Amino acid sequence: MEQLNFKEKVVFVTGAASGIGYAQANAFLKQGANVYAIDVQEKPLQELKYENPTNFHYTVCSVTNKADVDIVVQRSLNLYGQIDVLLNTAGILDDYKKTLETDEPLWDLIMDTNLKGMYYVTNAVLPHMLKRKKGVIVNMASIAGLVAGGGGAAYTASKHAIIGYTKQLDYDYCRDGVRANAIAPGAIQTPMNKKDFEGEGVMAKWVAEETPVGRWAQPDEVANLTLFLASDAADYIHGSVIPIDGGWTMK
Ligand code: NAI
């Protein structure tokens, strides 16, 4: 599809060293985009094997540090002159802790990373999109943003909040050329859930069994949905939450 060509487009992605963010970075690079990626991990790039390293920049930066986020977004703008697509993907799990098991530092860590970090990055990028009257934002929610059981108290609260934030974001700016949507993945096999696959992989098998389609998905499947959502083909999709969960939320 011609619309999935991202040549000369600039994509800013958070959480790009691993899992879904890594797959997104690769998918957009394959479609010809310039990608500016950030992550807290200091993994050397050559180990990451991004598809087209000439169009790719990577900076170690935490989404929880507003000053650093502002600097890196500005650096990306200085380098490429624009940001067409923002992918807010960085996120962490809370080990499925119930509220009484969630101490305040854990609550703050999850909220600061998953939610406040998204707000920092969005507010750094949005003014430039508004100036050009053009931009697409794709926020990473989860099935835990729609139903219980996909995380603990803090994670589930953060992902529900991301969905509300995304709707309000689109509502407030859709007439100014900015389009925001959220993705709600189910069981995606990434380093985030590598514990589930350890040993006999009992947990991983249970999750697959509980998923109507009977399997986990790979991060590329989420990246492909992201390509579509970020493309002009999805121009009428606004403030939506798109599940990619093997049927988990249809039960
Ligand atoms: P992952 O753990 O493989 O990747 C997450 C990346 O975010 C890591 O590279 C990590 O270093 C980075 N990160 C963490 N804190 C950061 C910070 N403060 N600043 C910048 N980067 C930071 O996990 P995965 O699975 O790729 O998750 C990506 C997103 O997808 C997360 O928001 C997660 O909640 C969401 N998700 C994942 C699902 C899954 O089954 N894997 C299901 C539903 C949602």
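Given the structure is predicted, the values throughout are model-derived calculations rather than measurements. We count ligands from 1, going down the list as the structure has it; atoms in each ligand are counted the same way. We use all heavy atoms of the structure for the numbers below, so side chains are in, but hydrogens, waters and symmetry mates are not.
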N193 neighbourhood, listing ligand 1 atoms whose heavy-atom distance to it stays under 4.0 Å:
39 (C), 40 (O), 41 (N)
Using a 4.0 Å cut-off to any heavy atom of G91, which atoms of ligand 1 qualify?
5 (C), 7 (O), 31 (C), 32 (O)
With a 4.0 Å heavy-atom cut-off (strictly under), which part of Y22 contacts ligand 1: side chain, backbone, both or neither?
neither
Which of the numbered atoms in ligand 1 are under 4.0 angstrom from any heavy atom belonging to P191?
3 (O)
Backbone, side chain, both or neither: what part of Q189 comes under 4.0 angstrom of ligand 1, heavy atoms only?
neither
For ligand 1, is A16 a contact, meaning one of its heavy atoms is under 4.0 Å away?
no
Would you mind listing every salt bridge (Lys or Arg N to Asp or Glu O under 4.0 Å) that reaches into residues 153-174, with sequence neighbours excluded?
none
Quick one: does D39 get a heavy atom under 4.0 Å from ligand 1?
yes
Considering the heavy atoms of I20, write down every atom of ligand 1 situated less than 4.0 Å from one of them.
26 (O), 30 (O), 37 (C)
Answer yes or no for V40: is there a heavy-atom contact with ligand 1 below 4.0 Å?
yes
Check P219 against ligand 1 and report side chain, backbone, both or neither, counting heavy atoms closer than 4.0 Å.
neither
What I want to find out is whether E210 reaches K251 closely enough, with some N-O distance under 4.0 Å, to be called a salt bridge.
yes
Atom 38 (C) of ligand 1: of C61, A37, G186, G117, the nearest heavy atom sits on G186
Which option out of D196, L93, T89, I183 puts a heavy atom nearest to atom 31 (C) of ligand 1?
T89
For ligand 1, is any non-hydrogen atom under 4.0 Å from I92's backbone (N, CA, C, O), its side chain (CB onward), both, or neither?
side chain
So between Q41, M140, M192, whose heavy atom ends up nearest atom 30 (O) of ligand 1?
M140
How does the hydrophobic cluster around I71 look, that is, which other residues are in it when side-chain heavy atoms under 4.5 Å mark a link?
none
A student checking ligand 1 against G19 at a 4.0 Å heavy-atom cut-off should list atoms 3 (O), 26 (O)
